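To keep things clear, I will list the structure first and then write my remarks on it.
Here is how names work: the chains are called A, B, and so on, in the same order as the sequence lines, proteins then strands, and each is numbered from 1. Worth knowing before you read on, the calculation uses all heavy atoms, side chains too, and leaves out hydrogens, waters and symmetry mates. Since the structure is predicted, the reported quantities are computational estimates derived from the model, not experimental observations.
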Amino acid sequence: MNPAPASAALALGDDALLLSHRLGEWAGHAPVLEEELALANIALDLLGQARVLLSLVGDEDELAYLREERAFRNLQLVEQPRGDFAHTIARQLYFSSYQRLLYEELAQGDTAIAELASKAVKEVDYHRDHAEHWTLRLGDGTAESHQRMQQALDALWRYTGEAFEPIEGLTVNWATLRARWTDRITTVLRQATLTVPSGPQSGSWAAGGGRQGVQTEPFGRMLAEMQHLHRSHPGATW
Amino acid sequence: MTTMAPDAGTQDDVAYEAQFNAAVTAEERIEPRDWMPDAYRASLVRQIAQHAHSEIIGMQPEANWITRAPSLRRKAILMAKVQDEAGHGLYLYSAAETLGTSRDELLDRLHSGRQKYSSIFNYPTLTWADVGAIGWLVDGAAITNQVPLCRCSYGPYARAMVRICKEESFHQRQGYELLLALSQGTEAQHAMAQDAVNRWWWPSLMMFGPPDDESAHSAQSMAWRIKRHSNDELRQRFVDICVPQADSLGLTLPDPDLTWDEERGHYAFGPIDWDEFREVLRGNGPCNEQRINQRRTAHEEGAWVREAATAYATKQAERSRHGYRAPHDPQQGDTQEEDIA
Ligand SMILES: [Fe+2]
Ligand SMILES: [Fe+2]
């Protein structure tokens, strides 16, 4: 097996780490008990992926707890505040559809990332099912749920383009990936009686964004919460 | 037990009651379709509901630390634990449903304050060590309370408890292990662990309920084989288990009267502050309001989601009645439950 390219493991690991963190914020706040279980399940899967990926680069805790804001390589999409349930579902739809297609392709390779991807593709399949299911319910549910879901899709749309910028060290046909993603999203949204957002998929302000370590404002706060205890006890083991 | 409930109230209830009592005494399981006294049903619903509510309110103090867990390993363990508690809530609400009371109805009683949850969750989790103290002491006390319930006369409750107890003992070990790491860690970590144990010890002893001579429901519950041991017996059992464990942890328990009583073969312990217990029960604990408010808010903010799920399910049912088939169904192969609300 070939060694995994560190930059790629970091980018994918950070995506999983921070989305897991945001999903963890739902614990005790979900709209229905079944969703406490489902969201925790997804968060745990992602945390598991993050731990494998970060460990390919170095010590998982050092990487999670001791890096500064600019050293993270996650998509800006995953760090956005959790918002209402529609925002969470819209993000899950965008991200899990991306991750599912990406992992499927990466699973063909021969690095440690390929090994992780081929194992994780099944669980990501469930994440996508969960998101698509809820997209249908919310989009084709009540007038209120339809409106909330559309708003969430629109608000997060601007963070989706960055997912298809090449990641150093990965051999992926990004244009094809993007086309397949757009296809899938379009089909689901149409069936859910929702509209595919028409705004730009990345802003000129983003300057390449998360993958280059340029994050959004909520990111620093999230990191402060996540890291404060670990940093308060330098060198301690937990 | 196989005696079916009569279709109409024409049968002789006295005969059914005699049969019921005989079955209970013979340690047979009562199943949902069996005849049972109304008071037995009501008592079970109250107990199972309170237990279910405790599981879901109990998620809050620990979820409070998910986003601050100090290592990724601990974060995964904690997330899984909080998720388990949600699962316990789910099994228990289902067990209550077999007695004819829906989850919605029970949640409504919780939110309106007509039903209680375990008072222990009205204490705050102030530091990371509290997560360990809850696992070790609170899950530990829960197991002591609940293991006898695995033999409860009501089948669905007993079976739910078997599954739950297995997971609770995991939680107890993980809590112990978390505290051990702190106790053997830096000076600051050790102090954090000791402080948490100091704060959680007495409330944990109160989890077994008031002393036997003041316990309202005990005698009848024992006769019905719902309860097997008295509050004081269980409390003593718990103390006897904890003392040597505290010792192995390198931590002390905050009770100067804690001594081995050779004659009784048990640890003697100091007086419990029952005024504190009653105050917290009455709603004056540090977190009563916070806990119930968070629960209500989550429920209210989730109303539109549950309504959407119901509306969608209704539309789908309509469509399948009219033979409508979606042109492309992205949910194909999905194993999730359709009706989640
Ligand atoms: Fe539990
Ligand atoms: Fe537990």
Side-chain angles (χ1 to χ4, degrees), chain A residues 17 20-21 24-25 27-38 40-41 43-44 47-48 50-51 54 60-61 64-65 84-86 126 128-130 132-142 144-146 148-149 184 187-188 190-191 222 225-226 228-230 232-233 235-238, chain B residues 56 59-60 62-76 79-80 82-83 85-87 89-90 93 103 128 178 181-182 185-186 188-189 294-295 297-299 301-313 315-316 326-331 333-337 340-341:
Chain A
L17 177 71
S20 163
H21 185 92
E25 293 175 354
H29 298 274
V32 60
L33 203 43
E34 282 79 353
E35 285 307 296
E36 291 284 358
L37 289 155
N41 239 334
L44 277 164
L47 184 53
R51 295 181 65 190
L54 294 180
E60 60 176 33
D61 286 336
Y65 292 100
D84 67 1
F85 190 70
Y126 161 74
R128 186 176 63 178
D129 272 349
H130 174 263
E132 289 184 345
H133 226 109
W134 271 110
T135 301
L136 291 173
R137 287 185 182 122
L138 298 184
D140 196 15
T142 64
E144 181 182 3
S145 69
H146 178 91
R148 281 180 186 258
M149 190 60 197
R184 183 93 190 183
T187 307
V188 177
R190 204 170 282 156
Q191 201 195 330
M222 167 161 87
E225 184 173 336
M226 185 171 102
H228 106 271
L229 178 59
H230 184 97
S232 305
H233 298 262
T237 47
W238 299 95
Chain B
I56 63 166
M59 295 168 70
Q60 292 182 29
E62 293 197 273
N64 182 35
W65 282 93
I66 287 178
T67 54
R68 294 176 289 171
S71 76
L72 297 185
R73 175 174 162 264
R74 292 287 178 203
K75 189 174 186 166
M79 269 186 179
V82 174
Q83 185 193 34
E85 306 303 1
L90 213 52
Y93 286 121
R103 193 202 309 179
W128 169 250
L178 190 162
L182 294 180
T186 65
Q189 285 177 306
Q294 178 177 327
R295 185 84 266 302
T297 306
H299 193 73
E301 284 179 354
W304 69 269
V305 178
R306 297 189 301 276
E307 282 157 20
T310 308
Y312 179 74
K315 285 184 197 178
Q316 288 295 87
H328 169 87
D329 189 353
Q331 332 155 34
D334 195 337
T335 52
Q336 250 212 314
E337 290 289 323
I340 62 97

Task: Check: A:T237 main-chain N/O paired with B:Q189 side-chain donor or acceptor under 3.5 Å - done: yes
Okay, B:I66 and chain A: the region with an atom under 4.5 Å from a heavy atom over there is side chain
Between the CH2 atom in B:W304 and the CZ atom in A:F85, the distance rounded to the nearest 0.5 Å is 7.5 Å
When B:Q60, B:R295, B:Q294, B:E301 are each screened for side-chain hydrogen bond (donor to acceptor under 3.5 Å, both in side chains) with A:H29, the one that passes is B:Q294
So CE of B:M79 and CG of A:N41: to nearest 0.5 Å the spacing works out to 11.0 Å
So, the part of B:R74 with a heavy atom under 4.5 Å from chain A: the answer is side chain
Turns out that what part of A:H228 lies under 4.5 Å from chain B's heavy atoms comes down to side chain
Smallest heavy-atom separation, A:Y65 atom then B:A69 atom, equals OH-O, 2.7 Å
Whatever's closer than 4.5 Å to a heavy atom in chain B on A:D84 counts as side chain
Between the CG atom in B:L72 and the CZ atom in A:R51, the distance rounded to the nearest 0.5 Å is 6.0 Å
Ranking A:G235, A:A50, A:A40 by heavy-atom pairs under 4.5 Å to chain B gives rank one to A:A40
Is a donor on one side and an acceptor on the other found under 3.5 Å between the side chain of B:R306 and the backbone of A:P31? yes
Checked B:A303, B:G302, B:A298, B:P70 vs chain A; the most non-hydrogen pairs under 4.5 Å come from B:P70
d(A:R137 CZ, B:Q316 CD) to nearest 0.5 Å is 10.0 Å
Taking every heavy atom of B:K315 against every heavy atom of A:D140, the minimum-distance pair comes out as NZ-O, 2.9 Å
Minimal heavy-atom distance between A:E225 and B:R68, with the atoms involved, is O-CG, 3.3 Å
If one checks every heavy atom of A:S232 against chain B at 4.5 Å, the contacting part turns out to be neither
Okay, A:A30 and chain B: the region with an atom under 4.5 Å from a heavy atom over there is backbone
When the 4.5 angstrom heavy-atom criterion is applied to B:T186 and chain A, the contacting part is side chain
Open item on the list: With a 4.5 Å cut-off on side-chain heavy atoms, are A:D61 and B:K75 touching?
Closed with: no
Turns out that what part of A:R190 lies under 4.5 Å from chain B's heavy atoms comes down to neither
Shortest non-hydrogen pair, B:A308 vs A:L138, comes out as CB-CD2, 3.9 Å
Closest heavy-atom pair, A:E36 versus B:A86, reported as atoms and distance to 0.1 Å, is CB-CB, 3.9 Å
Taken to the nearest 0.5 Å, the spacing of B:L90 CG from A:E34 CD works out to 5.0 Å
Answer key: most heavy-atom pairs under 4.5 Å with chain B among A:E60, A:R128, A:H21, A:R148 is A:R148
Okay, A:L47 and chain B: the region with an atom under 4.5 Å from a heavy atom over there is side chain
For A:G141 and B:A311 the tightest heavy-atom approach is O-CB, 3.7 Å
Pair count under 4.5 Å, heavy atoms only, with chain B: among A:T142, A:L33, A:L229, highest is A:L33
Applying a strict 4.5 Å limit to non-hydrogen atoms, the region of B:I56 in contact with chain A is side chain
Whatever's closer than 4.5 Å to a heavy atom in chain B on A:A43 counts as both
Between the CG atom in A:L37 and the CD atom in B:Q83, the distance rounded to the nearest 0.5 Å is 5.5 Å
Residue pair B:L182, A:H233: steps toward the side-chain contact (heavy atoms from CB on, under 4.5 Å) verdict:
CA-CA 11 Å; B:L182 294 180; A:H233 298 262; over 6 Å; no
